[in-house]
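Residue numbers begin at 1 in each chain, while the letters A, B, ... track the order of the sequences.
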Amino acid sequence: MPFDPVTRVRPPASSEELLARAAGLAGKTLRQVAGELGVPVPGHLRQAKGWIGTLMENYLGANAGSLPEPDFAEFGVELKTLPLGKNGLPKESTYVCQVPLLPDPAAAWENSLVKRKLFRVLWIPVEADPAIAVAGRRIGSAFLWSPDRRQEKILRRDWEELMEKISLGNLDQVSARIGQYLQIRPKAMDARSLTTGTDAEGHLVPSLPRGFYLRVSFTRQILAAHHGNT
DNA sequence: TACTGATCATTC
DNA sequence: GAATGATCAGTA
């Protein structure tokens, strides 16, 4: 079902306004939010996997662009929904961004898209218990997070380990098992999708597009730390 | 049941 | 095809 918002929301003027809007989501159901925007709620997410994320973007007034930038670039804030299982814990990994498959000698963690996107994340917890109809799922309390020094150190180590294999043309050695917090997995319409990578000799070769994801164990840690500080 | 690899929708 | 938004589903 195409997402066709009837109501367009003005972008927030400040990060404070963004946070205030996000706070207003707490306790609402997806039906309520969709109703306010005048959009229908899909019966299931199988063919609308990004629907909740898009709904949140529209409600909060994100620029709705598909640029490789944080959602609210002016404030450096990236928006992410956090699907919670019936146990109240995150149940899915979190997509971060595409993996650059062509070697870039200038590539460094400090100016990587992963670091820029994770600099500040506005997490929006949303019930994701399949026993609850999509429309009836409730939204939790949004919270702003930035990696602490220990977390950034590990993210950086993961990124460097993974990117080294890629820049060496060893994409075949990259599996989702590598990385403590960050992992690389396919990110494509299907397993036949192709982009361009390089082999160990530096030759261009057709490759399955990949994405960086945050492991569930890491987002569970982030949520737990937030609860600890609340 | 957790995890990895596969897949779905939209836009430009 | 590549960027965004993610969840699905088979199997270890």
- Item | All pairs passing salt bridge (Lys or Arg N to Asp or Glu O under 4.0 Å) where residues 183-203 of chain A contributes a residue, at least two apart | Asp190(A)-Arg192(A)

- Does any pair with a residue in residues 20-46 of chain A pass salt bridge (Lys or Arg N to Asp or Glu O under 4.0 Å), and if so which ones, sequence neighbours excluded? Glu17(A)-Arg21(A), Lys28(A)-Glu36(A)

Starting from [atom2] on [N], measure out to [atom1] on [X] and report it in whole angstrom.
{"X": "Leu101(A)", "N": "dG1(C)", "atom1": "CG", "atom2": "C1'", "result": "13 Å"}
{"X": "Gln180(A)", "N": "dC3(B)", "atom1": "CD", "atom2": "C1'", "result": "16 Å"}
{"X": "Gln47(A)", "N": "dT10(B)", "atom1": "CD", "atom2": "C1'", "result": "14 Å"}
{"X": "Tyr181(A)", "N": "dC3(B)", "atom1": "OH", "atom2": "C1'", "result": "18 Å"}
{"X": "Met189(A)", "N": "dG5(B)", "atom1": "CE", "atom2": "C1'", "result": "16 Å"}
{"X": "Arg210(A)", "N": "dG5(B)", "atom1": "CZ", "atom2": "P", "result": "9 Å"}

- Comparing nearest nucleotides in DNA chain B, the 5'-proximal residue of the pair Arg192(A), Ile178(A) is Ile178(A)

- Does any pair with a residue in residues 205-225 of chain A pass side chain to side chain donor-acceptor pair (under 3.5 Å), and if so which ones, sequence neighbours excluded? Tyr181(A)-Gln221(A)

- Listed once per pair and sorted, the side chain to side chain donor-acceptor pair (under 3.5 Å) pairs that draw on residues 129-140 of chain A, sequence neighbours left out: Glu127(A)-Arg138(A)

- Query: Base, backbone or nothing for each nucleotide of nucleotides 3-12 of chain C, written B, S, -, heavy atoms under 4.0 angstrom, 5' to 3'?
  - Reply: BBBBBBS---

- When the C1' atoms of the five terminal pairs at each end define the local axes, what inter-axis angle does the helix from dT1(B)-dA12(C) to dC12(B)-dG1(C) show, to 10 degrees? 30°

- Item | Counterpart residues, salt bridge (Lys or Arg N to Asp or Glu O under 4.0 Å), relative to Lys91(A) (two or more places apart) | none

List the atom pairs, donor and acceptor, that lie under 3.5 Å between side-chain atoms in residues 167-177 of chain A and the rest of the protein, sequence neighbours left out.
residue	atom	partner	partner atom	Å
Ser167(A)	OG	Met163(A)	O	2.9
Ser167(A)	OG	Glu164(A)	O	3.1
Ser175(A)	OG	Arg177(A)	N	3.0

- Using atom types as modelled and distance alone, determine if a side-chain donor or acceptor of Asp71(A) lies under 3.5 Å from a backbone N or O of Ala62(A). no

- Note on the structure: Between the CG atom in Leu25(A) and the CG atom in Leu55(A), the distance rounded to the nearest 0.5 Å is 8.5 Å

- Query: Which nucleotide in the list dC8(B), dT4(B), dG1(C) gets nearest to the side chain of Thr195(A)?
  - Reply: dG1(C)

- Only counting residues at least two apart or in another chain, list the ones meeting side chain to side chain contact (heavy atoms under 4.5 Å, CB included) with Asn229(A). none

